[in-house]
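Only this structure's heavy atoms are used, side chains among them; waters, hydrogens and symmetry mates stay out. Convention: sequence-line order gives letters A, B, ...; per-chain numbering from 1. Nothing here was measured: the structure is a model prediction, and the numbers come from that model.
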Amino acid sequence: MHDIRFIRESPDAFDAGLKKRGLAPLSAELLEIDRLRRAAISESEGLQAKRKALSQRIGIAKRKGEPAEAAMAEVASLETALKQGEAEAARLDEQLTHRLEVLPNLPLDDVPEGADENGNVEIRRHGNQRNFSFPPRDHVALGEPTGEMDFAAAVKISGSRFVFLKGHLARLERALAQFMLDLHTSEGGYTEVSPPLLVRDNAAYGVGQLPKFAEDMFHTDNGYWLVPTAEVPLTNLVNDTVLDEAALPLRYTAFTPCFRSEAGAAGKDTRGLIRLHQFPKVELVSITTPEQSAVEHERMTGRAEEVLRRLGLPFRTIVLCGGDMGPASRKTYDIEVWLPGQNAYREISSCSNCGDYQARRMGARYRPKEGKGTRYLHTLNGSALAVGRTLVAILENYQNEDGSVTVPDALRSYMGGLELIPAPAAKK
RNA sequence: GGACAGGUGGCCGAGCGGUUUAAGGCACACGCUUGGAAAGCGUGCGUGGUGUAACAGCCACCGCGGGUUCGAAUCCCGCCCUGUCCGCCA
């Protein structure tokens with residue numbers, strides 16, 4: 001949600017931000033609605049003030065036992081204009097809100113120009129792509145033959161874009177989640193949270209999922225939304241609150257399943273674990289002051305990268321261009337892990353600084369140490385990491401020629417000391 | 001699912017047709033006091049909108065939406081949410 005006063009004061013900056021998003025300028029149109037709205041408010045308030053004064057006089061007169069008919073008649077004569085004025089002011093105010101609430105956030109100045117993912121800019125790389133002495137398999141070819149990655153069973157029970165993990169792979173998923181949570185809570189300073197996965201409209205609205213992205217979420221027949229990411233409940237932890245600056249920053253992490261309808265993704269990534277209706281993810285959310293959010297964003301991205309470093313997975317970090325960012329974000333880093341089975345880097349984390357966009361929608365404010373009043377908080381969220389895709393990356397990067405998979409050092413204690421996930425032939 | 005009780009500022013809490021211009025307290029800020037602190041005393045302090053160069057002023061807001069009335073936090077209707085008890089249940 002945008003602040004109309006910002007648009008009033010800096011229409012050019014607003015339009016420049018939209019342009020970076022690939023959108024046409026809107027400030028002139030919005031300011032015209034705002035102008036009409038303010039005129040309507042002034043007129044309506046003038047009438048309201050008149051009614052109020054007269055009503056007070058009537059009250060005083062009645063108490064004294066004096067006649068009040070003249071004043072009562074005068075108020076009555078105002079009624080039509082009053083009703084119309086109030087309705088007009090409300091209508092224009094609502095119109096402005098509806099226009100503003102579907103607009104995306106403005107990109108920060110250092111976000112690159114660009115219409116789509118081709119405009120994204122790689123900013124760093126870590127780790128070397130392994131040199132295989134044999135043609136590397138993809139994760140499906142590694143997982144399915146052992147029966148521990150079972151798409152066929154999932155199809156029978158839930159349809160496409162679901163999976164059963166069993167045995168070593170189920171445990172590997174759990175090990176990864178636990179490893180990530182432990183890292184974030186110990187070194188990262190994040191508080192572990194186990195949040196609700198069904199949320200109400202207002203929570204989905206607060207982070208910007210509603211009203212625009214309803215079709216991307218699953219909805220229950222009694223009115224709940226299944227969370228598409230733990231960002232939704234975690235960020236909403238501060239909705240409708242006024243925090244003391246001393247309490248900041250707040251840092252939350254959660255391991256949850258995420259549910260996405262993947263509307264519009266038909267035919268995309270149909271093979272394997274890459275794009276499912278339900279996938280596990282460890283999420284990070286930070287709540288900070290406007291002054292701190294840029295630093296916090298770098299820190300958060302660094303924590304996500306640290307997971308990959310510990311796991312020994314090669315990755316690159318890119319900054320998304322204006323045309324490729326999610327609507328709530330002012331700046332987004334994607335981290336892409338190297339997947340030898342696909343011979344490509346694939347997104348495994350996305351870390352966004354949402355500025356005050358979500359805070360404004362949620363009513364999330366804080367009281368600054370210095371100065372008066374309240375200010376909107378800044379909210380940030382990032383995956384660290386998408387656990388399903390991390391599992392894919394482990395399988396593909398740590399595979400051996402016989403189809404077995406070496407367990408990375410960092411995970412062995414979480415796997416009961418297991419060093420090797422056996423190949424299909426080794427199983428009976 | 002059933003019954004009842006409630007939703008008032010950052011928090012607690014009074015008010016239940018007209019000086020509410022939302023009491024009072026807590027918290028917070030500043031000052032006095034003090035060797036320093038606490039306590040005490042004094043002053044200030046809700047949110048949003050509109051308006052202004054900035055003040056001032058004005059309007060709205062007591063869960064949300066309607067209605068009654070000259071006038072609604074207060075009365076009426078609908079909805080949402082919360083709590084308690086009962087039922088069911090991991």
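- The distance from atom CG of A/Leu36 to atom P of B/U50 is 14 Å, rounded to the nearest whole Å.
- Ring planes of A/Tyr414 and A/Phe179: perpendicular class, angle over 60° (limits at 30 and 60°).
- Protein atom CG of A/Leu78 is 17 Å distant from nucleotide atom P of B/U69, rounded to whole Å.
- With B/A60, B/C58, B/G18 as the candidates, the nucleotide lying closest to the side chain of A/Glu45 is B/C58.
- When Watson-Crick and G-U wobble pairs are counted only if both distances are under 3.5 Å, B/C85 pairs with B/G2.
- In terms of phosphate contacts, A/Arg200 brings a side-chain nitrogen or oxygen within less than 4.0 Å of OP1 or OP2 of B/U82.
- Nucleotide B/U43 is matched to B/A29 when pairs are restricted to Watson-Crick or G-U wobble geometry with both distances under 3.5 angstrom.
- The residue A/Leu54 sits apart from the nucleic acid: no heavy atom pair falls under 4.0 Å.
- Taking atom NZ of residue A/Lys52 and atom P of nucleotide B/G57, one finds them 13 Å apart after rounding to whole Å.
- Residues A/Ile335 and A/Phe315 come closest through the heavy atom pair CG2-CD1, 3.8 Å.
- Residue A/Asp244 contributes atom CG, which lies 14 Å from atom C1' of B/C45 at whole-angstrom precision.
- Along RNA chain B, the nucleotide nearest A/Ala39 and the nucleotide nearest A/Ala49 are compared for position; the residue whose nucleotide lies closer to the 5' end is A/Ala39.
- Closest to the side chain of A/Ser55, from the set B/U47, B/G71, B/C59, is B/G71.
- Regarding A/Asp240, its CG atom lies at a distance of 14 Å from the C1' atom of B/C62, rounded to whole Å.
- Of the listed nucleotides (B/G48, B/U50, B/G10), B/G10 has the atom at the smallest distance from the side chain of A/Val242.
- Rounded to whole Å, the separation between the P atoms of B/G2 and B/G13 comes to 29 Å.
- Atom pair A/Ile60:CD1 and B/G17:P shows a separation of 19 Å (rounding to whole Å applied).
- Less than 6.0 angstrom separates the ring centroid of A/Phe218 from the ring centroid of A/His277.
- A 6.0 Å sphere centred on CG of A/Asn202 holds more than 12 heavy atoms belonging to other residues, nucleotides or ligands.
- For B/U74, there is no paired nucleotide, since no Watson-Crick or G-U wobble pair has both relevant distances below 3.5 Å.
- With A/Tyr224 as the aromatic partner, A/Arg200 does not meet the cation-pi criteria of under 6.0 angstrom to the ring centre and within 45 degrees of the ring axis.
- Here the side chains of A/Tyr190 and A/Met300 are in contact, with some heavy-atom distance below 4.5 Å.
- Look at the P atom in both B/C12 and B/G17: the space between them is 25 Å, to the nearest Å.
- Considering only the side chain of A/Arg5, B/G49 comes nearest among B/G10, B/G49, B/G71.
- Taking atom C1' on both nucleotides, B/U34 is separated from B/C45 by 26 Å, rounded to a whole Å.
- No hydrogens or angles were tested; on distance alone, nothing pairs the side chain of A/Gln56 with the base of B/G71 as donor and acceptor under 3.5 Å.
- As rounded to the nearest Å, B/G9 and B/G15 have C1' atoms that lie 14 Å from one another.
- Computed from coordinates, the A/Gln48 CD to B/C58 P distance equals 14 Å when rounded to whole Å.
- Of the nucleotides present, none pairs with B/C55 by Watson-Crick or G-U wobble criteria with both distances under 3.5 Å.
- Figure legend. B/C79 is base-paired to B/G63; pairs are counted as Watson-Crick or G-U wobble with both atom distances under 3.5 Å.
- Spacing of C1' atoms, B/G46 relative to B/A27, comes out at 13 Å, to the nearest Å.
- Remark: C1' of B/G65 and CG of A/Asn202 are 17 Å apart, rounded to the nearest angstrom.
- Side-chain nitrogen and oxygen atoms of A/Lys50 include none within less than 4.0 Å of the OP1 or OP2 phosphate oxygen of B/C59.
- Dashed line: the shortest gap from a side-chain N or O of A/Arg38 to OP1 or OP2 of B/G51 is under 4.0 Å.
- When the nucleotides B/G49, B/G48, B/C70 are ranked by their closest atom to the side chain of A/Arg365, B/G48 comes out on top.
- With the nearest nucleotide of RNA chain B identified for both A/Arg8 and A/Gly59, A/Gly59 has the one nearer the 5' end.
- Here, B/C32 and B/A38 have their P atoms 14 Å apart, quoted to the whole Å.
- The C1' atoms of B/A29 and B/C85 are separated by 45 Å, rounded to the nearest whole Å.
- Within a 6.0 Å sphere centred on CD of A/Glu43, other residues, nucleotides and ligands contribute 12 heavy atoms or fewer.
- The listed nucleotides are B/C59, B/C70, B/C81; the one nearest the side chain of A/Lys62 is B/C70.
- Here, B/A23 and B/G10 have their P atoms 14 Å apart, quoted to the whole Å.
- Of the charged side-chain nitrogens involved, at least one lies within less than 4.0 Å of a carboxylate oxygen, so that A/Glu291 and A/Arg375 count as a salt-bridged pair.
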